[in-house]
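Right, one structure below, let's go through it.
Lettering of chains follows the sequences in order, A, B, ..., and the numbering in each one begins at 1.
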Amino acid sequence: MSAIITEKAFEYLDAPIKRVGSPFTPVGFNRILEKAILPNTDLIYKAAKELKSRVEDFIGSGAKSINVGTFHSICARILRQEIHNIGYSKNFTIYDTKDQLSLINTIIKTKNINLGSLKPKAILNKISKLKSDMIMPHEFDAKTYIPLEELTSIIYPLYMKHLAKCDALDFDDLLSLPIKLFKKHPEVLQKYQNFYKYILVDEYQDTNKSQFLFIDLLSKKHKNVCVVGDDDQSIYSWRGADVSNILDFEKTYPNSKVFKLEQNYRSTKNIITAAYSVVKNNNIRAEKKLWSDNETGDLIQILEGRDEYDEAYKISAAIQQEIRSAKRNFKDFAILYRTNAQSRVLEQVLNRNKIPNVIVGGVRFYERKEVKDIIAYLSFFANMKDDISLKRIINTPPRGIGNKTLDIIESHADENGISLFDSLSRLNEITLTSRANNVLTKFHEIIVQYSSLLSTINLEEWVRMLIDGLGYFKYLKGSDDEESKQRRANIDELLNAITDYCSTVEQPRLQDYLEEVALMTDIDSWKDKKNSVSLMTLHSAKGLEFPVVLIPGLNTGLLPLGNDDIDEKALNEERRLFYVGITRAEKKLYIAFAHERNVFGQTKSSFESQFLAELPSELVTNQTSEFSSSTNLKSGESTPYKAPAKRSSTSSTTATSSAVSKTKDPKPGMMVSHKIFGTGKIMRVLGHGPNSKLTINFRSAGTKTIIARYVKLF
DNA sequence: AAGGTAGCGGTTTTT
DNA sequence: CCGCTACCTT
């Protein structure tokens with residue numbers, strides 16, 4: 001989500017103003033915002049430039065001092081300037097999720113905490129939730145009979161202490177510390193209030209408590225705030241976003257004006273109607289009527305695949321068909337899925353069909369092991385108190401510093417209340433084997449050496465020398481050939497990115513580069529200059545639009561995601577996610593599902609998503625006549641995927657008929673019913689046919705093993 | 001005491 | 001199918 005903070009640009013608006021119905025905005029600011037901020041942007045500063053020029057086009061000159069950025073980046077910028085006021089170092093490091101987890105694991109290990117069956121990730125999620133609600137450790141009223149809460153109440157304060165010791169901030173701190181700063185130092189607040197006289201927030205429905213407070217404080221003086229959003233598109237409640245921020249805006253700011261933007265300029269009538277038919281099934285939402293002057297448009301096409309490969313194949317075929325008949329370009333298409341894992345198969349099949357494609361997000365570039373390794377080195381040089389990065393690099397590449405040695409160093413640092421690196425400079429105080437002493441001294445020397453080198457040569461050159469000096473490429477060669485090639489390529493790309501950064505910025509600084517990297521969004525790094533089909537998650541697609549959108553994976557368990565015990569609130573959010581996906585489409589919408597899916601490496605039969613049935617049958621077709629039987633795609637000789645399923649099915653034009661798999665063979669994942677035990681899910685199958693033994697997890701009776709002929713398959 | 005490997009367990013979504 | 005742990009080998 002983005003915040004626009006500008007001085008002149010919004011003067012013509014009466015403020016405060018609330019706008020609702022973000023996807024249905026007339027040609028106006030929101031549209032400019034969507035166009036300007038999200039696509040075609042490499043980095044934040046480029047986005048700001050782009051926005052500036054577009055706003056200038058719109059209101060003429062005067063759009064001078066515009067600041068554009070995500071909440072996180074704007075907050076980070078403020079903190080770099082002001083954080084010393086609340087007792088932190090300006091050299092703070094920003095920890096990503098991996099760093100956070102590693103920190104929590106360190107705590108668990110050193111404090112001998114027994115997590116039981118809980119995972120560190122669960123604790124981290126809990127802590128993050130608390131932080132986004134601005135609940136400090138001492139304010140957390142844990143219900144101690146709930147293990148998660150009790151353990152969190154133990155770990156949370158330690159986690160905070162450890163972060164502070166490392167001069168590190170997590171993503172939540174970036175949002176909450178400015179508020180602490182503003183409250184403690186009114187003079188600092190005032191400075192920024194005067195600096196940002198007009199404030200505009202896009203995607204306001206996805207703001208959390210700290211983001212609300214941030215805007216509230218900043219706008220208190222001049223009271224010029226304009227927010228845009230749509231409660232139907234709230235898809236981040238799992239990370240603390242609170243829809244009531246937008247729903248209660250009028251109450252919070254009694255002088256505000258509301259403009260309902262109910263005309264849609266983006267999509268065809270059919271797409272809008274379909275989107276509405278879906279989202280109206282949600283029980284908690286603000287009713288709005290939507291309309292459009294656009295053409296009625298084509299019907300929504302349902303694609304039915306035998307499995308996810310076939311589904312991907314049908315999607316490829318649909319794209320080829322659209323390109324042939326409607327003269328579209330590859331860049332007009334977006335494939336939007338629920339989970340990143342789905343991108344693999346799609347990418348594979350698209351490649352086989354020679355359809356150029358680009359995955360936005362996914363396993364993020366900067367989270368890949370080899371890239372993260374180098375970034376950890378850089379982070380450590382930027383902040384030597386960063387124990388987490390030190391632990392990552394100290395034996396990468398392997399230099400004979402193992403767990404035992406590290407344990408000794410850690411307890412020394414802990415006892416003396418110093419950083420790990422400080423302990424390394426005081427090895428004489430520590431009892432070590434001479435071998436350990438040697439390798440540690442050597443490591444310490446390397447760090448000192450490169451640290452002093454950093455101030456004498458330029459950043460780019462220094463990074464190259466560092467990677468060289470570490471023998472990192474040699475280290476990568478160790479693993480198997482194809483993989484190490486890829487990893488080397490990634491390091492090369494990282495080097496290119498650094499070179500790029502150095503050439504676009506006046507004064508390249510290691511820290512600034514790292515900050516940019518930490519806060520870069522998927523969309524930022526999206527290079528859509530190439531004429532390619534875009535692949536991304538539904539979450540990433542928010543705010544974007546494409547002539548043709550294809551949404552695969554409309555299966556139970558996948559969209560909506562989760563098992564059948566999904567609660568109403570979560571189901572509503574899944575539905576909103578589907579709604580967001582539908583409303584990305586301008587001209588044409590394809591929705592796909594498969595009868596079988598590979599989950600956990602096992603093929604499981606899969607049912608149609610309930611959301612399919614919510615599409616009005618008269619707007620939907622699954623006649624794929626033009627290409628369903630076609631093998632005219634150049635799919636290559638060795639394509640292992642099966643020819644399109646020959647199903648006698650689908651004489652009906654709706655997708656609402658339930659797709660019952662007619663297979664007689666029971667398979668794991670299928671639902672069954674039993675005279676005595678009721679309904680349950682097959683967990684395991686032993687043997688074949690009616691006499692096979694099924695391990696079934698019954699809803700009320702628990703797990704039983706039963707001969708297949710005694711149960712009924714759904 | 002390090003480092004390599006086999007086997008296990010576990011699934012969102014993002015800054 | 002991927003990452004992590006526990007164990008086994010050097």
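- Taking the six-membered ring where tryptophan is involved, the planes of A:F214 and A:F71 are perpendicular, since the angle between them exceeds 60° and thus also 30°.
- Aromatic stacking is not marked for A:Y236 over B:dT13, as the cut-offs of 5.5 Å for the centres and 30° for the planes do not both hold.
- Counting only heavy atoms from C-beta on, A:R239 has its side chain closest to B:dT15 among B:dT15, B:dT12, B:dT13.
- Distance CG (A:L175) to P (B:dT14): 17 Å, rounded to an integer number of Å.
- Look at CG on A:L177: it is 15 Å from C1' on B:dT15, rounded to the nearest Å.
- If you take atom P in B:dT13 and the same atom in C:dC4, they sit 16 Å apart, rounded to whole Å.
- Dashed line: the shortest gap from a side-chain N or O of A:T97 to OP1 or OP2 of B:dT14 is not under 4.0 Å.
- For A:E574, the salt bridge (charged side-chain N to carboxylate O under 4.0 Å, His left out) partners two or more places apart in sequence, or in a different chain, are A:R338.
- Residues satisfying the ring pair (Phe, Tyr, Trp, His ring centres under 6.0 Å) test with A:Y513, not counting sequence neighbours, are A:Y501.
- Within the 4.0 Å cut-off from OP1 or OP2 of B:dT13, not a single side-chain nitrogen or oxygen of A:S540 is found.
- With sequence neighbours excluded, the residues that form a ring pair (Phe, Tyr, Trp, His ring centres under 6.0 Å) with A:F578 are A:F611.
- When heavy atoms are screened at a 4.0 angstrom cut-off, A:R344 is found touching the sugar-phosphate backbone but no base atom.
- With sequence neighbours left out, the side-chain hydrogen bond (donor to acceptor under 3.5 Å, both in side chains) criterion links A:N351 to A:N357.
- By the salt bridge (charged side-chain N to carboxylate O under 4.0 Å, His left out) test, A:K126 pairs with A:E149, sequence neighbours left out.
- By the salt bridge (charged side-chain N to carboxylate O under 4.0 Å, His left out) test, A:R80 is found to be paired with A:E515, residues two or more places apart in sequence or in another chain being considered.
- Atom CD1 of A:I235 is separated from atom P of B:dT13 by 13 Å (rounded to the nearest Å).
- Rounded to whole angstrom, the span from the CD atom of A:E370 across to the C1' atom of C:dG3 amounts to 14 Å.
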At a cut-off of 3.5 Å, list every protein nitrogen or oxygen paired with a nitrogen or oxygen from nucleotides 4-10 of chain C, distance to 0.1 Å.
none

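- With sequence neighbours left out, the side chain to side chain contact (heavy atoms under 4.5 Å, CB included) criterion links A:D167 to A:S89, A:N383, A:K385.
- In this structure, CD of A:E516 is placed 15 Å from P of B:dT15, rounded to the nearest angstrom.
- Scored by the salt bridge (charged side-chain N to carboxylate O under 4.0 Å, His left out) test, A:R597 finds A:E311 as partners (sequence neighbours excluded).
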What pairs of nitrogen or oxygen atoms, one from the protein and one from nucleotides 2-6 of chain B, lie under 3.5 Å apart?
unit_1, atom_1, unit_2, atom_2, d
B:dA2, OP1, A:G402, N, 3.3
B:dA2, OP1, A:T405, OG1, 2.1
B:dA2, OP2, A:K404, N, 3.4
B:dA2, O5', A:G402, N, 3.3
B:dG3, OP1, A:G400, N, 3.0
B:dG3, OP2, A:N395, ND2, 2.8

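- Atoms CD1 (A:I409) and P (B:dA1) sit 13 Å apart, rounded to a whole Å.
- Among residues two or more places apart in sequence or in another chain, the side chain to side chain contact (heavy atoms under 4.5 Å, CB included) test is passed with A:T339 by A:A341, A:Q342, A:L558, A:L561.
- Rounded to whole Å, atom C1' of C:dG3 lies 13 Å from atom CG of A:L101.
- Between the side chain of A:D373 and the main chain of A:I393, no donor-acceptor pair closer than 3.5 Å is present.
- Between the P atom of B:dT15 and the CD atom of A:Q100 lies a distance of 14 Å, rounded to the nearest Å.
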Review point. With Watson-Crick and G-U wobble geometry limited to distances under 3.5 Å, how should the secondary structure of DNA chain B be encoded in dot-bracket form, using | for bases paired to another strand and [ ] for crossing pairs?
Key: |||||||||......
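- Under a 3.5 Å cut-off, the side chain of A:N282 and the backbone N or O of A:R285 do not form any donor-acceptor pair.
- Comparing A:F171 and A:N598 by the nucleotide of DNA chain B whose heavy atom lies nearest to each, the residue mapping closer to the 5' end is A:N598.
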